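Since the structure comes first, as structure tokens, the remarks are kept for the end.
Here is the naming used below: chain letters follow the sequence lines, and residue numbers restart at 1 for every chain. Keep in mind that this is a model prediction, so the values were computed, not measured.
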Number of protein chains: 2
Amino acid sequence: MARFPTIEDVAREASVSRQTVSNVLNAPDIVREETRERVRDVIDRLGYHPHASARRLRSQYSSTIAIRMDPITNGISGSILDRFLHDLTARAAERGMRVLLFTATDPADELAQLRALRDGADVDAVVITSTYYGDPRIPWLIDAGMPFVSFGRPWGEEHAESPDHRWVDVDGFAGVLDATRHLIGRGIRRIGFLGWPAGSATGDDRRRGWTTAMREQFDLTDHELELLTVRVEESVPGARMAVEKLLPLRLVDALVCVSDSVALGAMMAVTEAGRRGFPVIGFDNTPVAKAVGLSSVDQRTDEIAATALDLLMGEQGHRVLTADEVTERSAHRLVAPKLIVRRSSHLTVVEEAGSDPGGN
Amino acid sequence: MARFPTIEDVAREASVSRQTVSNVLNAPDIVREETRERVRDVIDRLGYHPHASARRLRSQYSSTIAIRMDPITNGISGSILDRFLHDLTARAAERGMRVLLFTATDPADELAQLRALRDGADVDAVVITSTYYGDPRIPWLIDAGMPFVSFGRPWGEEHAESPDHRWVDVDGFAGVLDATRHLIGRGIRRIGFLGWPAGSATGDDRRRGWTTAMREQFDLTDHELELLTVRVEESVPGARMAVEKLLPLRLVDALVCVSDSVALGAMMAVTEAGRRGFPVIGFDNTPVAKAVGLSSVDQRTDEIAATALDLLMGEQGHRVLTADEVTERSAHRLVAPKLIVRRSSHLTVVEEAGSDPGGN
DNA sequence: GCGGTGGGTTTGATCGTTCAAACCCTGCGA
DNA sequence: TCGCAGGGTTTGAACGATCAAACCCACCGC
């Protein structure tokens, strides 16, 4: 392989110094216009690209964000993280950042990996996903002074309000509220909620969207709402069996679901029972939802990715901000999801419209 | 943030030279044991990690592999690439390699991205996926002298046999052959094939697995095989409708499918028609297959990832091999997939066993 | 006693860039 | 005329590692 041109080659060819070439690239406004043009021409002609490692070595910025590739493909909803990953990569590129993947076998290993990435000056920041209660990564990252943002709220953690922990999350409450209102708007009254066992922060938050929508329209007690709720584990067959039992009771005329997995189970039960026109709405807008025509609440991963970068680098910046540069107001953000309406929530069978954030 | 220790700090502390520290890390066998131990102790004590960019600058290796994050989440099978990505990252780490993501809006943009990555000396090699007929990336990469491996055969391309183009692919033929034999072994004779429209290289290859298995057992003409074949586009509802029409004809007693998407459609039709005990087998072993109990042919992404790295770096190497270091024999590999049996292909309803490559 | 050998270690140069400071020039006011 | 400001450019050093060659020294054979 032929040697690539260096900044030195460009400088010589353009009859300027190395530093001037560097300035053309990094601070074009301090270079006289004529010089700038000339240097740019040479850069194009030689096909020069700065050597990333040399730049990183000198500037001490890696312009790289690390994210863990999670092994857990939790049911059918795992693909959200993949969509997020894609969008994060695209958005990061717009800001001159790269995304580096890593994997870990367990939490301890993950911390070791993070330490190595930091010490090797390989990454400027980390994006963490799937946070959980008492997540050890968070104090570690704060302590290590490593900038990070989490996709997921720190439910009930001490750092929830602190700018030390920047986070972005999906407003599950708002999403389910929308979905429920959508069904109410179609004239349905007896809308059930198919959720996870109580106690899951995310699940409870989503259910609150449903209870709020139901209460604002109908006069229901907590007890009545509880009767309209079915709770199952996150699994397709489990949900299917639960709904098979529920349908003959004729208690509800539609179901808002906490996830696409359980919604898929519900749909299968509904189909099998021959109850066409019984609306079901899922949550996550996974490819499966798209494939089977299931209405679902879309997480808008692109919006989340863009927001994560805003939190890390500021609205405009091209550099990762350290924790002490972040103010409380700019450290947390909820992204409102968007209901995608498909056949499963129409009373009449209608194909969805062509343009649809759910994919192609 | 406090400054990290450099190789210089370690050297001073251990009373040796920089180079000796470097040797302890990169060529431990040439250092006297006593010295090695002493240096290792100091490294541990100071928590030293080599500065990745400095190393890359000097050594001209980036130890990084780039892969494009594909925007196309083609139906429900998009998740295979994600599993591959995860496995590739894990396997690469074992060999001291990192995986860097990038995205592109179109083929031209992808080439531009690749060029920038190469010129910036950011990556040593590229993994490309979703290759297609006449893929412009392949000649470009060969021409640019950039080492690469593709996940996917170059169907009918000139480079198919050349060591210039290293590739690994799933042996769809063998997978479908297995699946069909599995059904034959269960005593089923009239096994249909649900495929894609003729002309797709991957689809035709998979169908050949079915025809071979059927021929070796039963005496069937091409025409008869054609009658047992149903062809649909890659979509759940399309497959469902096709199978809805097929079932009443009572021509077939089971279906082997070209993908999980169409298999899912088939399953839905079967369920709706109340034909319990009508086996369906998919291909890809997506999370959805796992979730709904669909037997499926698993692509073994981990095996593929490991093989891709073998092709790039040699069986043992810790360095990417350039194209001219590769011999013809070591440039291509087919990975045999593995049938995962679930409820959908049992005549009696039986849950699958606990340990299952399909996830958790 | 002297040259040769080879394992183990050190030394100086180098990778390609940016930082910090110096430099050069022109214009302007005192 | 001189000093000074300041835009534009150049120069030398530094970032932290590895490469290539030199070095040291104990040992061996003749």
Side-chain angles (χ1 to χ4, degrees), chain A residues 1-39 42-43 46-63 96 116 118-122 124 318-319, chain B residues 1-40 42-43 46-64 96 116 118-122 124 318-319:
Chain A
M1 274 187 278
R3 204 176 56 82
F4 295 117
T6 71
I7 202 171
E8 190 81 51
D9 300 324
V10 175
R12 191 177 329 103
E13 196 77 6
S15 311
V16 293
S17 67
R18 295 186 316 272
Q19 186 60 35
T20 298
V21 179
S22 174
N23 287 337
V24 167
L25 291 166
N26 301 310
D29 41 318
I30 72 166
V31 180
R32 196 152 46 102
E33 175 159 359
E34 182 204 316
T35 318
R36 203 192 312 150
E37 292 302 324
R38 183 155 41 95
V39 171
V42 175
I43 288 178
L46 299 187
Y48 165 77
H49 285 268
H51 190 290
S53 291
R55 169 178 278 178
R56 289 205 260 270
L57 171 59
R58 179 66 248 221
S59 68
Q60 305 287 29
Y61 289 124
S62 68
S63 301
R118 182 196 59 162
D119 292 359
D122 262 330
D124 293 338
H318 276 257
R319 206 191 86 231
Chain B
M1 280 189 275
R3 202 177 60 82
F4 295 117
T6 72
I7 202 172
E8 190 81 50
D9 300 325
V10 175
R12 194 179 326 107
E13 196 76 7
S15 309
V16 292
S17 68
R18 293 187 318 272
Q19 186 60 33
T20 298
V21 179
S22 174
N23 287 338
V24 167
L25 292 166
N26 301 313
D29 41 318
I30 71 166
V31 179
R32 194 152 47 101
E33 175 159 359
E34 182 204 315
T35 318
R36 203 193 312 149
E37 293 302 323
R38 183 155 41 97
V39 172
R40 285 219 168 110
V42 175
I43 288 177
L46 299 188
Y48 167 74
H49 286 266
H51 191 289
S53 291
R55 168 179 281 179
R56 292 205 257 269
L57 170 59
R58 179 65 248 228
S59 68
Q60 304 286 31
Y61 290 125
S62 68
S63 299
T64 302
R118 183 195 60 160
D119 292 358
D122 262 329
D124 293 338
H318 276 257
R319 204 193 86 229

Item to complete: Indicate the atoms forming the closest heavy-atom contact of Leu25(A) with Pro50(A), along with that distance.
Response: CD1-CG, 4.5 Å
For nucleotides 25-28 of chain D, list the nitrogen or oxygen atoms of the protein found under 3.5 Å from its nitrogen or oxygen atoms, one pair per line.
none

Worksheet item: Taking atom P of dG8(C) as reference, at what distance in whole Å does atom CZ of Arg36(B) sit?
Response: 9 Å
Fill in: Residue list, side chain to side chain contact (heavy atoms under 4.5 Å, CB included) with Glu8(B), at least two apart or on another chain
Thr6(B), Arg12(B), Arg18(B)
Item to complete: May I have the distance from Arg12(B) (atom CZ) to dG16(D) (atom C1'), rounded to whole angstrom?
Response: 13 Å
Discussion item. Does a side-chain N or O of Thr35(B) approach OP1 or OP2 of dT9(C) to a distance below 4.0 Å, or not?
Written reply: yes
Worksheet item: Which heavy atom in Ala54(A) sits nearest to a heavy atom in Leu57(B), and how many Å separate them?
Response: CB-CD1, 3.7 Å
Worksheet item: Please give, in whole Å, the distance from dA20(D) P to Ile30(B) CD1?
Response: 13 Å
Fill in: Residues that Glu37(A) engages under side chain to side chain contact (heavy atoms under 4.5 Å, CB included), provided they are two or more places apart
Glu33(A)
Worksheet item: So, for Pro5(A) and Gly47(A), which heavy atoms are closest and what is the spacing to 0.1 Å?
Response: CG-O, 4.2 Å
Worksheet item: Bend across the helix from dG1(C)-dC30(D) to dA30(C)-dT1(D), to 10°, with axes taken over 5 pairs at each end?
Response: 70°
Item to complete: Return the value, rounded to whole Å, for the distance between atom CD of Glu34(A) and atom C1' of dG7(D).
Response: 15 Å
Practice prompt. Take atom CZ of Arg56(B) and atom C1' of dA17(D), then tell me their distance rounded to the nearest Å.
Written response: 12 Å
Item to complete: Using atom types as modelled and distance alone, determine if a side-chain donor or acceptor of Asp124(B) lies under 3.5 Å from a backbone N or O of Ser62(B).
Response: yes
Worksheet item: For the pair made of CG in Asp122(A) and P in dG16(D), what is the distance, rounded to whole Å?
Response: 14 Å
Practice prompt. Would you please confirm or rule out a distance under 4.0 Å between OP1 or OP2 of dT10(D) and any side-chain N or O of Thr20(A)?
Written response: yes
Practice prompt. Applying side chain to side chain contact (heavy atoms under 4.5 Å, CB included), name anything that partners Gln19(A), two or more places apart in sequence or on another chain.
Written response: Ser17(A), Ser22(A), Asn23(A)
Worksheet item: Heavy atoms under 4.0 Å, any strand shown: does Ser53(B) hit a base, just sugar-phosphate, or nothing?
Response: nothing
Fill in: Rounded distance (Å) that lies between atom C1' of dG16(C) and atom CG of Leu46(A)
15 Å
Worksheet, complete the sentence: Applying side chain to side chain contact (heavy atoms under 4.5 Å, CB included) to Thr35(A) and not counting sequence neighbours gives Val16(A), Thr20(A), Val31(A), Arg32(A), Arg38(A), Val39(A)
Discussion item. I'd like to check Phe4(B) versus Arg118(A) (side-chain heavy atoms, cut-off strictly below 4.5 Å). Are they in contact?
Written reply: yes
Worksheet entry | Whole-Å gap separating P (dG16(C)) and CD (Gln60(A)) | 19 Å
Fill in: Non-neighbouring partners of Arg56(B) that pass salt bridge (Lys or Arg N to Asp or Glu O under 4.0 Å), sequence neighbours left out
Asp122(A)
Worksheet item: Quick one: what's the B/S/- string for nucleotides 17-27 of chain C, heavy-atom cutoff under 4.0 Å, read 5' to 3'?
Response: BBBB-------
Fill in: Under the side-chain hydrogen bond (donor to acceptor under 3.5 Å, both in side chains) test, residues paired with Thr64(B) that sit two or more places apart
none
